[in-house]
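For reference, the structure discussed in these notes is given below.
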Amino acid sequence: MARILITGGAGFIGSHLCERFLEDGDDVICMDNFRTSTPDNIAHLFANRRFMFIEQDVTTYIYVKGPVDAILHFASPASPVDYQELPIPTLKVGSLGTHKALGLAKEKNARFLLASTSEVYGDPLVHPQNEEYWGNVNPIGPRGVYDEAKRFAEALTMAYHRAHGVETRIVRIFNTHGPRMRLNDGRVVPNFVSQVLGGEPVTVYGDGSQTRSFCYVADLVEGIVRLLRSDYTGPVNCGNPQEVTILEFARTIIRLAGSKSAVVFRPLPEDDPKVRQPDITRARKLLGWEPRIGLEDGLRRTIQFFRDKLQPA
Ligand code: UDP
């Protein structure tokens, strides 16, 4: 049993982590400012006496009373639409927020896990992406605010490990989907699913030949928990290696939802990565982890979540 602080704990992935640690018998302190998240994601947890919530922006000084055994730093806008609307908060939470969270980890002698991202690889020239690859990021492009904040966060995490001996972990998260994604966060899964359920055309950006690899959130959470409990300090990719083009992805969602939506093409956003697929050899070897839920199986569950949200019984 441990006492665990999750920044961004009311977010999509953060709320699933809160739930998981509570299920495992740990005490959870969830910290969030609801900038891109919602209290709805954690409303059901308040009844649990081992759950505590602190409404706070992690870029300011953070203080938590009592012992803390682990800090999982998940606070950040994470969708390209969000971080382009919130460029400075995104840079601040990755830099100042990571600094505050690491400072707290040092003070409390807590283990620290950073939520990093496949975006550190940018528009990758190595495919699939393994953790040895240093990436191809445009620092001044529209995605630079997120990519560079996360790269800085990784550098700061390693610096606290090397200079202060903080026990640190870095997970590089690839595209993930599941319940509690925000319907209007602008990412491909909420966009496509809300379009097909609303009988609207599905907006494929570019010609749809760009690829992504989608992991179901329950698989990701299992990988993160295993990484936290491991003794490995280097970065570890977590994602589902099953790669699809965005056009195939649109057609799959239309089919699974039993929809007649058409596909329409829209301009490709600037610096949109052309390919993305995690090489998960490291996670397999070190953590004995790989995703268990296939693309279609996971998508069925995500579609059901959005259906319930849009068309409550
Ligand atoms: N995309 C799309 N239509 C949409 C939203 C996104 O074709 O309505 C594409 C986007 O251009 C990208 C991929 O889907 O190639 C994944 O986009 P997302 O915003 O989910 O995140 P990313 O993987 O780019 O960080």
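Whatever order the structure lists them in is the order used to number ligands and atoms, beginning at 1. For reference, positions follow the sequence shown, starting with 1.
- What sits closest to atom 24 (O) of ligand 1 on the protein, heavy atoms only, is R143 NH2, 2.8 Å.
- F305 does not carry R180 over the face of its six-membered ring by the limits of under 6.0 Å from the centre and within 45° of the normal.
- In this structure a side-chain-to-backbone donor-acceptor pair under 3.5 Å is present from K150 to A115.
- Looking at D272, V264, T117, L268, it is D272 that brings a heavy atom closest to atom 11 (O) of ligand 1.
- Not less than 6.0 angstrom separates the ring centroid of F265 from the ring centroid of Y205.
- Each of the following atoms of ligand 1 lies closer than 4.0 Å to a heavy atom of I246: 7 (O), 13 (C), 14 (O).
- If you look at F112 and Y160, their ring centroids are not closer than 6.0 Å.
- Taken together through direct or relayed side-chain contacts under 4.5 Å among Ile, Leu, Val, Met, Phe, Trp and Tyr, V137 and Y121 form parts of separate hydrophobic clusters.
- Ranking the protein heavy atoms by distance from atom 18 (P) of ligand 1 puts V188 N, 3.8 Å first.
- In this structure, atom 7 (O) of ligand 1 lies nearest to the protein heavy atom Y205 N, 2.7 Å.
- The atoms of ligand 1 that sit less than 4.0 Å from any heavy atom of Q210 are 9 (C), 11 (O), 15 (O).
- For ligand 1, the atoms sitting less than 4.0 Å from at least one non-hydrogen atom of V204 are 7 (O), numbered in the order shown with element in parentheses.
- Ligand 1 lies less than 4.0 angstrom from a heavy atom belonging to P80.
- When each atom of ligand 1 is checked for a heavy atom of T203 under 4.0 Å away, the hits are 2 (C), 3 (N), 4 (C), 7 (O), 8 (O).
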